[in-house]
Amino acid sequence: MNQTNQIDQMNAVDHIDRLSRAWRSLAAWAVVGLVVLLGLCTLCVSESMAMDIAILRSSDIPAYHEAVAGLKATGPIGAIYTEYDAEGDLELGKKLARKLRASNASLVVAVGLKAALAAKVEIVDVPIVYMMILDPLKHQLTAANMTGTLLEVPVDRQLKIMRTFLPTLHRLGTLYDPAKTSARVKDAVLQAPISDFQLKGLPVESEKEVPQQLRALLSEVEALWLMPDSTVLTNESLRFILDSALAHQIPVIGFSPEFTRLGALLSLSVNYGQVGRETGLLAKRILDGEQRQPLNPVPIERLKITVNLKTAKFLGMTFPKELMSFIDETY
């Protein structure tokens, strides 16, 4: 009898053990199922909460596409981008901006001046971030919901870099149209002494005045600094300016790699893709609540430095090896 009871007890224990293992297995599968279910729910929520970012371009040009590609590379993860093209038409840009105002866009990126002007007029309750615009404050892109990145290199940074590459030169000269570039030149004149330069600017009110004023300027300066000014710099005048400066053994500092390729000694510029990448980071900070608007336009941190080594050789100039690592392109 005792033996029978022992056998029954052993069978009962074995049965309970099997039931326990079964319940543990079932519980484990239940946990796995719950995790999967939660993952699917999270995915659904994430997809439903994905940010819509509208991109309004002034026109369809390669420089804008390069900037937009940079923007997407660093913008908010999972954002859905929709692009619109104003085709160079401000009125079409306004029409598209009104369409964006009625959409679910969390943020609007305006690429180029016409896109930014259209967005400023039509969109007042959605953050606007602009890029690829020269002197945005001049165009009063200062609405409470607007900010952006600067396309040009700040004057103080240009002067510091010029001092590094031109350690023995002190007298700079520039031509400018008072109606377009007066404020920039005044700022540069004030900041030049900080980098041990003296800047002389001669006014040019029409393209016809360029040759006479250039000759007067080249007789007084050691280097010529080109600033963005459509009166001074045209397809016809640029070649004349570069050739005249070299004939006087005077180096030219430009603001585009194309100037360097054509004969300028040095150019300081921004890479369009980098403009887009830094604009994408700015947009992300705004959407994450880390950056408030309005905000002064943000300068691009990484600059592009190009040097024409043939021009340097012609001018009898050399650069130390430690400087070569800062140069992005040579010609």
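All of these numbers come straight from a predicted model, not from anything done at the bench.
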- [ ] Please determine which of Thr306, Leu268, Ile305 meets the side-chain contact (heavy atoms from CB on, under 4.5 Å) test together with Pro257.
- [x]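 Of all the options given, the one that passes is Thr306.
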TODO: Using the side-chain contact (heavy atoms from CB on, under 4.5 Å) rule, pick out the option among Leu246, Ile253, Leu214 that qualifies with Leu224.
DONE: Leu214
How close do [X] and [Y] get, heavy atom to heavy atom, and via which atoms?
X      : Y      : value
Gly280 : Thr74  : CA-OG1, 3.4 Å
Pro76  : Lys284 : CG-CA, 4.0 Å
Pro251 : Gln249 : CD-O, 3.9 Å
Leu166 : Ala223 : CD1-CB, 4.5 Å
Tyr64  : Ser58  : CE1-CB, 3.9 Å
Met132 : Val111 : CG-CG1, 4.0 Å

Enter the distance from [X]:[atom1] to [Y]:[atom2] here, rounded to the nearest 0.5 Å.
X      : Y      : atom1 : atom2 : value
Asn104 : Met51  : CG    : CE    : 13.5 Å
Asn308 : Phe314 : CG    : CZ    : 11.5 Å
Leu92  : Glu87  : CG    : CD    : 5.5 Å
Glu220 : Gln198 : CD    : CD    : 12.5 Å
Leu226 : Leu175 : CG    : CG    : 8.5 Å

Are there over 12 heavy-atom neighbours, none belonging to [X], within less than 6.0 Å of that residue's [atom1]?
X      : atom1 : result
Glu290 : CD    : yes
Arg302 : CZ    : no
Tyr84  : OH    : yes

I want to check something: taking the side chain as every heavy atom from C-beta on, are [X] and [Y] in contact at a cut-off of under 4.5 Å?
X      : Y      : answer
Val252 : Ile250 : no
Glu66  : Asn271 : yes
Leu141 : Leu117 : yes
Tyr176 : Val204 : no
Leu265 : Phe165 : no
Thr260 : Leu266 : no
Phe255 : Ser269 : no
Ile194 : Leu159 : no

Could you tell me whether the side chain of [X] and the main chain of [Y] form a donor-acceptor pair under 3.5 Å?
X      : Y      : value
Ser59  : Gly88  : no
Ser219 : Ala216 : yes
Glu209 : Glu205 : yes
Asn145 : Val126 : yes
Ser244 : Ile241 : no
Arg184 : Pro228 : no

Open item on the list: Please determine whether side chain to side chain contact (heavy atoms under 4.5 Å, CB included) holds for the pair Met227 and Val185, giving the CA-CA distance in whole Å, both sets of side-chain angles, and the decisive distance to 0.1 Å.
Closed with: CA-CA 9 Å; Met227 295 190 181; Val185 173; 3.9 Å; yes
Open item on the list: Using a 6.0 Å distance limit plus a 45 degree cone around the ring axis, check whether Arg163 lies over the aromatic ring of Phe197.
Closed with: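 So Arg163 does make the cation-pi contact.
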- [ ] Show your working on side chain to side chain contact (heavy atoms under 4.5 Å, CB included) between Ile161 and Leu303 and close with a plain yes or no.
- [x] CA-CA 10 Å; Ile161 294 172; Leu303 307 182; 3.7 Å; yes
Task: Hydrophobic cluster identity match, Ile53 and Leu281, side-chain contacts under 4.5 Å - done: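 As far as the 4.5 Å side-chain criterion goes, Leu281 and Ile53 are not connected within one cluster.
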So does [X] pair up with [Y], basic N to acidic O under 4.0 Å?
X      : Y      : result
Arg277 : Glu301 : no
Arg57  : Asp85  : yes
Lys304 : Glu329 : yes

TODO: Let me know which of Asp135, Asp229, Thr231 forms a side chain to side chain donor-acceptor pair (under 3.5 Å) with Thr181.
DONE: Asp229
Open item on the list: Is there a side-chain hydrogen bond (donor to acceptor under 3.5 Å, both in side chains) between Thr149 and Thr279? Walk through the geometry before answering.
Closed with: CA-CA 6 Å; Thr149 51; Thr279 305; 2.8 Å; yes
Kindly list each side-chain donor-acceptor pair under 3.5 angstrom involving residues 317-327, sequence neighbours excluded, with atom names and distances?
residue	atom	partner	partner atom	Å
Ser325	OG	Glu322	O	3.0

Task: Verdict with supporting geometry, His139 and Leu113, side chain to side chain contact (heavy atoms under 4.5 Å, CB included) - done: CA-CA 8 Å; His139 300 287; Leu113 179 59; 3.6 Å; yes
- [ ] Could you check Tyr130 against Lys120 for side chain to side chain contact (heavy atoms under 4.5 Å, CB included), going step by step and ending with a plain yes or no?
- [x] CA-CA 10 Å; Tyr130 56 76; Lys120 177 187 175 182; over 6 Å; no
- [ ] Check the pair Arg101, Glu122 against salt bridge (charged side-chain N to carboxylate O under 4.0 Å, His left out), reporting the backbone distance first and the verdict last.
- [x] CA-CA 7 Å; Arg101 185 179 61 197; Glu122 300 294 342; 3.5 Å; yes
